[in-house]
Amino acid sequence: MSRTKVVPIPVMGRHNINAYLLLGRRPVVVDAGTPGSGRRILDRITAHGVDPADIALIVITHGHIDHFGSAAELHRLTGAPLAGHVADLGPYRSGRVREPYLPTGPMGRLMARNRKLHVRAEPFEPTVLVRGATSLEDFGLAARIMPTPGHTAGSVSVLTDAGDLVAGDLIANSFMGLVRARPANPPFHDDPRQNLASLREMLALDPTRLHVGHGTALDPDRVRRWAEREHGRLARRAAAGRLTARSA
């Protein structure tokens, strides 16, 4: 099977919110942006010479509105099945995220006030239910869906056999992608320590690049150094009783 090519699909701004087009024997889309962005994503996919009818699968990385908002629309436009983790079925079936959002810092506290993050998206039902590591070979891609819980309970990433990790919100660039190539937390995490554990598990697999939902691709070594600092920061917050996490 041919090497998978990872193509970022900007949904908002140049890098603020990204979906991804994975090109192997057949194309696979990762994430679906905010509500109402399905046609924009489709236009960018076709600009890369892909017939929407050829899309084998749409993988949703997690149950936040900027990642599953147009999943139902993209499904209608392409006919491709949707894949999502069973632990995030609640948001997918209701069209609503779990609230309140749990900010990771000042940016998250500011963004939590944004009404657009509290709207209801069109619900959808994944036909490919992810429970553990899931091969994408049957969908024409040399890659696996990897559960990476913590950002949400049902967060997943996609790891290609060539080592590209399409990481959703496992990690981000600073300030929602405005500061390129600088690792940072996204604005929210349901469980920061679990997310960091998932990030370290993925780094242990020696990815070549981390392609994120907010910002440009990140260098794994730089992310490892950030993860060490983040481990210490979370330990200090936990010791001070200032670390919050969403209960199961």
Side-chain angles (χ1 to χ4, degrees), residues 6-13 16-23 26-46 48 50-99 101 114 116-131 134 136 138-141 143-149 151-158 166-170 172 186 188 190 211-214:
V6 179
V7 180
I9 302 293
V11 177
M12 180 180 294
N16 297 91
I17 299 176
N18 302 316
Y20 285 90
L21 175 64
L22 308 187
L23 298 173
R26 292 189 67 189
V28 168
V29 174
V30 179
D31 279 334
T34 52
S37 57
R39 179 60 65 177
R40 183 184 307 116
I41 294 171
L42 194 73
D43 289 345
R44 292 184 180 274
I45 288 170
T46 57
H48 286 281
V50 173
D51 184 340
D54 289 338
I55 294 173
L57 185 68
I58 302 165
V59 179
I60 305 301
T61 61
H62 64 280
H64 280 167
I65 201 78
D66 54 337
H67 292 259
F68 78 84
S70 291
E73 182 185 10
L74 268 183
H75 169 65
R76 284 196 301 275
L77 290 170
T78 64
L82 290 155
H85 196 281
V86 293
D88 273 1
L89 281 177
Y92 300 153
R93 287 171 170 171
S94 67
R96 292 192 179 278
V97 302
R98 296 183 181 94
E99 297 203 50
Y101 288 96
N114 188 336
K116 292 182 179 180
L117 293 180
H118 302 274
V119 300
R120 183 175 185 265
E122 184 179 355
F124 70 95
E125 184 72 27
T127 53
V128 178
L129 293 175
V130 178
R131 293 181 171 85
T134 303
L136 292 176
D138 288 347
F139 297 95
L141 212 62
R144 294 167 286 164
I145 301 175
M146 305 292 289
T148 49
H151 181 64
T152 67
S155 288
V156 302
S157 300
V158 177
V166 183
D169 281 1
L170 186 63
F188 315 106
D190 280 358
H211 306 269
V212 296
H214 307 289

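This is a predicted model, so every value here is computed, not measured.
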What is the distance from atom CG of Leu77 to atom CD1 of Ile41, rounded to the nearest 0.5 Å? 9.5 Å
Out of curiosity, Leu74 CG to Arg76 CZ, how far, rounded to the nearest 0.5 Å? 9.5 Å
Report the distance from atom CD1 of Ile55 to atom CZ of Arg26, rounding to the nearest 0.5 Å. 9.5 Å
I'd like to know if Lys116 pairs up with Asp66 as an ion pair, taking the criterion as any Lys NZ or Arg NE/NH1/NH2 lying under 4.0 Å from an Asp or Glu carboxylate oxygen. no
Does either side chain, that of Thr61 or that of Asp31, offer a donor lying less than 3.5 Å from an acceptor on the other one? yes
Between His48 (side chain only) and Val50 (backbone N and O only), is there a donor and an acceptor less than 3.5 Å apart? no
Within the distance-only criterion (no hydrogens, no angle test), does the side chain of Ser70 pair as donor or acceptor with the backbone N or O of Thr34 below 3.5 angstrom? yes
Return the minimal non-hydrogen interatomic distance between Leu57 and Ala80, and the atom names on each side. N-CB, 4.1 Å
Is a side-chain donor or acceptor of Glu122 paired with a backbone partner of Ala72 at a separation under 3.5 angstrom? no
Please name the pair of heavy atoms, one in Gly154 and one in His85, separated by the smallest distance, quoted to 0.1 Å. O-CB, 3.1 Å
Partners meeting ring-ring contact (aromatic ring centres under 6.0 Å, His included) with His64 (sequence neighbours left out): His62, Tyr101, His151
Quick check: closest heavy atoms across Ala32 and Ile60, and the distance to 0.1 Å? CB-CD1, 3.9 Å
Measure the shortest side-chain to side-chain distance between Asp169 and Ser155 over non-hydrogen atoms and say whether it is less than 4.5 angstrom. no
Ile17 CD1 to Ile65 CD1 distance, which is reported to the nearest 0.5 Å: 10.5 Å
Rounded distance (nearest 0.5 Å) linking atom NE2 of His67 with atom OG1 of Thr152: 9.5 Å
Result block: side-chain N/O donor-acceptor pairs under 3.5 angstrom for residues 123-131, not counting sequence neighbours:
from	atom 1	to	atom 2	distance (Å)
Glu125	OE1	Arg93	NE	2.9
Glu125	OE2	Arg93	NE	3.2
Glu125	OE2	Arg93	NH2	2.9

Interatomic distance, CG@Leu22 vs CG@Leu136, rounded to 0.5 Å, equals 8.5 Å
Main-chain N/O of Pro91 paired to Arg98 side chain as donor or acceptor, under 3.5 Å: no
Do Leu117 and Phe188 come within less than 4.5 Å of each other through their side chains, counting heavy atoms only? yes
Short side-chain to backbone donor-acceptor contact, Tyr20 and Val28, under 3.5 Å: no
